[in-house]
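Just the heavy atoms: all of them, side chains too, but no hydrogens, waters or symmetry mates, feed the values below. Bear in mind that the values here come from a model prediction, so they are computed numbers and not experimental data.
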Amino acid sequence: MFELMFCSLLTILPDYLYRRYAQGKRFGKEITFFSIWYELRWGITGCLMLTISLVTMIFYFHPSTTSAALYFRTVPILPEGSGRVAEVNVGYSEAVKKGDVLFRLDSSKQKAALETATRKITEVDAAMTSAENDVVKAEAQIQEAKASLQQAKDELDVKTELQRRNPGIVPQRDIEKLQVVVSQRQAGVDAATASKTSSTLRLSTLLPAEKASAQAVLAEAQVDLDKTFVRAGVDGRVEQFLVRTGDLVAQIMRPAGVLIPADAGRGRLQAGFGQIEAGVVKVGMVAEATCISKPWVIIPLIVTDVQDYIAAGQVQAGQELIEAQNARKPGSILAFLEPLYKSGLEGVTPGSSCIVNAYTSNHEEISAKETSTSRAIALHVVDGVGLVHALLLRIQALLLPIKTLVLSGH
């Protein structure tokens with residue numbers, strides 16, 4: 001309507017003034033309700049053409065959208081395992097800190113596994129102490145076997161020497177018996193040495209490996225026990241927390257509630273512009289917004305990022321081929337906007353709906369020396385009509401509370 005009134009001043013009004021004062025025609029006489037189209041046809045036609053051109057220029061170079069909000073993420077509250085709730089530490093809606101225990105599952109099975117793993121480590125420690133004693137015992141047996149072997153060798157040497165000096169003084173049978181005794185005692189030394197090696201190997205390799213395995217089982221049991229404590233992953237607020245003691249929860253069931261991070265939806269605003277604006281919406285554009293949760297306030301913004309794909313075009317692997325006629329309605333270009341000044345979005349509730357205007361600026365191109373005069377004038381016009389959109393946004397900001405509270409049926 002504003003554009004139509006503005007264009008009328010440049011087309012219909014001059015046409016009427018010409019008819020009235022140059023041709024002398026008057027309302028109610030030559031110009032009537034039935035002849036107004038014929039008399040003012042040039043002005044009316046020019047007004048319609050100029051209005052359409054102006055509206056197209058404004059909305060193309062200075063796009064506007066009502067599909068804007070401060071989106072925020074939520075974290076579903078789910079246990080890593082399954083079990084029956086034994087204790088609940090938060091209410092339906094409550095602020096929490098990172099690491100706070102939200103609820104606890106029954107942990108009798110996990111505690112039993114932890115106790116078993118602990119006892120297994122104790123058993124291995126006892127076995128290592130016993131193995132140390134076995135090594136000491138084997139060392140003593142080696143020394144004893146070596147002493148007996150040396151005694152037998154000495155006796156065999158003595159009798160062998162006597163037999164050499166005085167043949168027949170020592171029966172050959174006694175010498176053979178001593179040789180057998182030496183062989184037996186040598187075997188005893190070898191057996192004691194092997195026993196020590198086995199005990200040493202068990203103490204240095206086998207039992208440490210068993211202890212490491214037992215410690216790994218203990219750590220796994222401790223992890224399973226810790227999983228029974230469901231904690232907050234971030235600072236935030238728990239909402240719709242309906243779990244109570246005795247409830248059975250599992251990952252395949254519905255979440256116990258949602259955790260909203262403390263900073264969610266407070267840093268930047270997301271706005272969806274029409275696909276035709278893909279060539280206009282760029283990073284660095286200045287924008288303005290007014291939000292229903294903060295009425296009568298214009299928030300200066302700047303475009304910090306533009307999603308370079310349209311969500312409506314996404315596909316997932318399936319059993320059916322894509323049929324273009326079944327496509328959903330055209331999607332939008334998603335732009336991310338941040339406040340131009342610090343705390344610009346303070347007071348705007350996350351999730352609040354907003355109206356956003358983005359403004360094209362051609363100042364650098366206009367200032368460039370290679371820009372022609374005609375193009376500079378055209379770019380000035382493009383930048384200038386942004387004032388119309390800015391004025392419209394302020395009118396919307398003034399009327400938005402009235403529209404919401406009065407005209408919506410309250």
Side-chain angles (χ1 to χ4, degrees), residues 2-3 49-73 265 267-291 298-317 321-340 344-345 348 351-368 370-372 374-394 396-397:
F2 179 83
E3 292 88 345
M49 294 177 63
L50 185 59
T51 300
I52 294 173
S53 301
L54 182 61
V55 171
T56 302
M57 182 188 301
I58 291 174
F59 281 92
Y60 180 76
F61 290 103
H62 310 286
S64 176
T65 180
T66 57
S67 301
L70 278 79
Y71 295 103
F72 58 92
R73 71 183 184 96
R268 59 181 182 176
L269 184 146
Q270 294 84 35
F273 295 94
Q275 294 185 25
I276 197 173
E277 309 294 350
V280 178
V281 179
K282 302 294 183 182
V283 174
M285 287 184 68
V286 176
E288 292 180 325
T290 179
C291 300
I298 300 296
I299 304 171
L301 303 167
I302 186 170
V303 178
T304 58
D305 193 14
V306 179
Q307 189 170 277
D308 58 353
Y309 46 83
I310 298 174
Q314 61 183 314
V315 295
Q316 295 180 347
L321 295 175
I322 298 175
E323 174 53 61
Q325 292 183 355
N326 296 332
R328 295 173 292 177
K329 63 180 181 179
S332 57
I333 301 295
L334 184 62
F336 299 88
L337 304 99
E338 295 183 6
L340 197 57
L345 292 174
V348 181
S352 174
S353 297
C354 302
I355 302 174
V356 175
N357 281 4
Y359 303 105
T360 298
S361 176
N362 299 291
H363 176 71
E364 294 182 358
E365 186 174 355
I366 294 173
S367 302
E370 61 272 12
T371 303
S372 62
S374 58
R375 180 169 178 77
I377 294 174
L379 294 177
H380 269 299
V381 173
V382 170
D383 290 352
V385 295
L387 295 175
V388 178
H389 222 180
L391 178 60
L392 291 176
L393 180 65
R394 282 149 178 80
Q396 288 177 301

Does the [X] side chain pair with the main chain of [Y], one donor and one acceptor, at a distance under 3.5 Å?
X      : Y      : value
Ser352 : Val348 : no
Thr360 : Phe61  : yes
Glu338 : Val303 : no
Thr65  : Ser67  : yes

If you round to the nearest 0.5 Å, how far is [atom2] of [Y] from [atom1] of [X]?
X      : Y      : atom1 : atom2 : answer
His380 : Ile366 : NE2   : CD1   : 4.0 Å
Leu340 : Ile302 : CG    : CD1   : 6.0 Å
Phe273 : Asn357 : CZ    : CG    : 8.0 Å
Ser64  : Ile58  : OG    : CD1   : 11.0 Å
Leu70  : Leu269 : CG    : CG    : 4.5 Å
Cys291 : Leu345 : SG    : CG    : 7.0 Å

Taking the side chain as C-beta and beyond, is there a heavy-atom pair between [X] and [Y] under 4.5 Å?
X      : Y      : value
Val280 : Pro63  : yes
Pro300 : Val286 : no
Val306 : Phe336 : no

Residues that [X] engages under salt bridge (Lys or Arg N to Asp or Glu O under 4.0 Å), provided they are two or more places apart:
X      : value
Arg268 : none
Glu365 : Arg375
Glu277 : none
Arg73  : none

Minimum heavy-atom separation for [X] and [Y], please, with both atom names.
X      : Y      : answer
Ala335 : Val281 : CB-CG1, 4.1 Å
Gly351 : Ala69  : O-CB, 4.3 Å
Ile333 : Ala278 : CD1-CB, 4.0 Å
Leu301 : Ala289 : CD1-CB, 3.6 Å
Thr371 : Ala376 : CG2-N, 3.9 Å

task = Go through Glu288 and Ile299 one step at a time and tell me if the side-chain contact (heavy atoms from CB on, under 4.5 Å) criterion holds.
result = CA-CA 5 Å; Glu288 292 180 325; Ile299 304 171; over 6 Å; no

query = Can you list every side-chain hydrogen bond (donor to acceptor under 3.5 Å, both in side chains) pair that touches residues 298-311, not counting sequence neighbours?
reply = none

Could you pull out all donor-acceptor pairs under 3.5 Å where a side-chain atom in residues 381-391 meets a protein atom, sequence neighbours excluded?
from	atom 1	to	atom 2	distance (Å)
Asp383	OD1	Asn362	N	3.4
Asp383	OD1	Asn362	ND2	2.9
Asp383	OD2	Asn362	N	3.1
His389	ND1	His62	O	2.6

